[in-house]
2 protein chains.
Amino acid sequence: MAGEISGKTHATRALIGLRAKILSGELPGGMRLFEVPLAEQLEISRTPVREAMSRLAEEGLLDRVSSGGFVVRTFGMADVIDAIELRGVLEGTAARLAAERGASAEGLGKMRETVANLDACFSDSPGDVDFERYSELNAEFHTILAGLCGSEVVRREVDRVMRLPFASPSAFLPDKADIEAFRRSLNFAQEQHRALLSAIAGREGARAEAIAREHARTARNNLEYVLGEDRSLIERVPSLALVVD
Amino acid sequence: MAGEISGKTHATRALIGLRAKILSGELPGGMRLFEVPLAEQLEISRTPVREAMSRLAEEGLLDRVSSGGFVVRTFGMADVIDAIELRGVLEGTAARLAAERGASAEGLGKMRETVANLDACFSDSPGDVDFERYSELNAEFHTILAGLCGSEVVRREVDRVMRLPFASPSAFLPDKADIEAFRRSLNFAQEQHRALLSAIAGREGARAEAIAREHARTARNNLEYVLGEDRSLIERVPSLALVVD
DNA sequence: TGAACGGAAAAAGTATACATTAACCGGTGT
DNA sequence: ACACCGGTTAATGTATACTTTTTCCGTTCA
């Protein structure tokens, strides 16, 4: 069949399908998810549906109801702001600890390489940016940062907050090539990437933390641009589909 | 029967029982948990065992194995240090945001009341502290702090990192009444509680954040005292039972 | 009127049989 | 000796029947 969802087990397919429906807003915040109808709709039994919902609760997309069952978590604009703030704080901590404790040569090397590759996204001709590749490398940069201090606990929590769709570093990037304001913010963000690398390599913990926090603020600035200047853009930001406000 | 574990459903009882065995170290880090033997041991079927393990994965005490199943998460001393650091960072953020955005009158009132009640734990006679009550009120203080800025996202993540047993604010408190060093640290900690409240009420965000971070450092100091000065104390700190190093 | 009770319906909780997949192990070929 | 292959075992994945709990609604009584 053509429209089948990829994945090995029924539970995995249900997980992917439900996640997509939550992120798209098809299953709105506050909606209770009942096992039987979902199982019928997905043409599987209740067991893998439960398994999928349990994993979505781990991801933070569902809440457990005290009397049993799950509801879709509700996100408002305030939650988007707070999640971005938290990403900044946690990435700031990852950066500070990497600076204070020292990062491995391999980690620093990989980050240097990623920053160089990010540079290449701009260099060809002024005003023209390879957004696709930039987005990909940007995600890579943030993944490296999360693990740079060598702490599994820190990496895990940074990853966790980045997993909320609108808090991801790439949440407001793709598809915005035509907006001049976004292009400028990209140049600024790349400057911050370089500064962050320099601060960590130079063991400047406070500076690294401050830069990482301000770097996350870029996402909030983009959000506020979308909200203030050009609200019609909201529909073009996929990660905002599940936000109600 | 006398030895029965409280809880409504089989899954809840399994959750409580398994959690206790992990926290006590009876199920050591790295150990894989198999459904069938556990179900037999608990005299229930596999279904509620799976449910319990899924919830423990949400808590961060179990990891999912890629090929299916769960293993007990391994914690070393470095992870304890990092978890305390993260609690400091997140509580610092909760405090800063409460100061910057302003806390509700009720929230500030409740915190003032808790601080006053904490004072009462000391006042009776010098050198004598009601540890039981202090521990309880201390937990209350930190719970209030987590929710003080009014952000559900922040409250949730602060709560989450505090749920790791050794990162809890009360992890190193109870049962230490006989150690002079711990008594002094209690007085110091209460001073920080007062300062934190004052900073938040006075809208001093940076100060509030710095105090909250340093306050969490108290836990690390106590940990290092236990590790350095008197290693025999390790056995008397229940939350360190699952730590391997 | 409105609160409390009770029963029916619907939901989650549980056990269990069966299916599928991963892991282990012993043999065989080079 | 070592790697690969195949089969057996043991684990998780799934469906389903059944049980228990919760919820909702209509009725009755104060």
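In the text below, chain A, chain B and the rest are named by the order of the sequence lines, each starting its count at 1.
Over its full length, the helix from dT1(C)-dA30(D) to dT30(C)-dA1(D) turns its helical axis through 30°, comparing axes from the five pairs at each end and rounding to 10°.
One donor-acceptor pair, N or O on each side, does fall under 3.5 Å between the base of dG13(D) and the side chain of Arg46(B).
Side chains of His142(B) and Glu91(B): a donor on one and an acceptor on the other come within 3.5 Å.
At dT14(D), none of the side-chain N or O atoms of Lys8(A) fall inside 4.0 Å of OP1 or OP2 (strictly under the cut-off). Between Thr9(A) and dT12(D), a side-chain N or O to OP1/OP2 separation shorter than 4.0 Å is absent. Contact annotation: His10(A) reaches the phosphate of dA15(D) (side-chain N/O to OP1 or OP2, under 4.0 Å). The phosphate of dT23(D) (OP1 or OP2) has a side-chain N or O of Ser67(A) nearer than 4.0 angstrom.
The interatomic distance linking Arg32(B) (CZ) with dA10(D) (P) rounds to 14 Å, in whole Å. With rounding to whole Å, Arg50(B) atom CZ is found 9 Å from dT14(D) atom C1'. Atom pair Ile44(A):CD1 and dT16(D):P shows a separation of 12 Å (rounding to whole Å applied). Separating the CG atom of Leu42(A) from the P atom of dA15(D) is a distance of 11 Å, rounded to the nearest angstrom. Put simply, CZ on Arg13(B) is 12 Å from C1' on dT20(D), counting in whole angstrom units. When the C1' atom of dT12(D) is taken as reference, atom CD of Glu51(B) falls 16 Å away, rounded to whole Å. If you measure from atom CD of Glu40(B) to atom C1' of dT16(C), you get 13 Å, rounded to the nearest angstrom. One atom, CD of Glu35(B), and another, P of dT14(C), lie 15 Å apart when rounded to the nearest Å.
Residue order along DNA chain C, read from the 5' end via each residue's closest nucleotide, puts Val36(A) first among Val36(A) and Pro48(B). Along DNA chain D, the nucleotide nearest to Ser45(A) and the one nearest to Phe34(B) differ in position, and the one closer to the 5' end is contacted by Phe34(B).
Closest approach of Ala208(A) and Ile200(A) over heavy atoms only: CB-CG1, 4.0 Å.
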As a quick check of understanding, evaluate side chain to side chain contact (heavy atoms under 4.5 Å, CB included) for Asp82(B) and Leu86(B), giving each step before the final call. CA-CA 6 Å; Asp82(B) 293 340; Leu86(B) 273 187; 5.8 Å; no
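With sequence neighbours excluded, the residues forming a ring pair (Phe, Tyr, Trp, His ring centres under 6.0 Å) with Tyr134(B) are Phe122(B), listed by chain and number.
Under a 4.0 Å N-O distance rule, the pair Glu209(A)/Arg213(B) qualifies as a salt bridge.
Residue contacts shown for Thr47(A) include a base, since a base heavy atom lies under 4.0 Å away. Residue contacts for Arg64(A): at a heavy-atom cut-off of 4.0 Å it reaches no nucleic acid atom on any strand shown.
Between Arg55(B) atom CZ and Leu61(B) atom CG the span is 14.0 Å, to the nearest 0.5 Å. Once rounded to the nearest 0.5 Å, the distance linking CG of Asp159(B) with CE of Met162(B) reads 5.0 Å.
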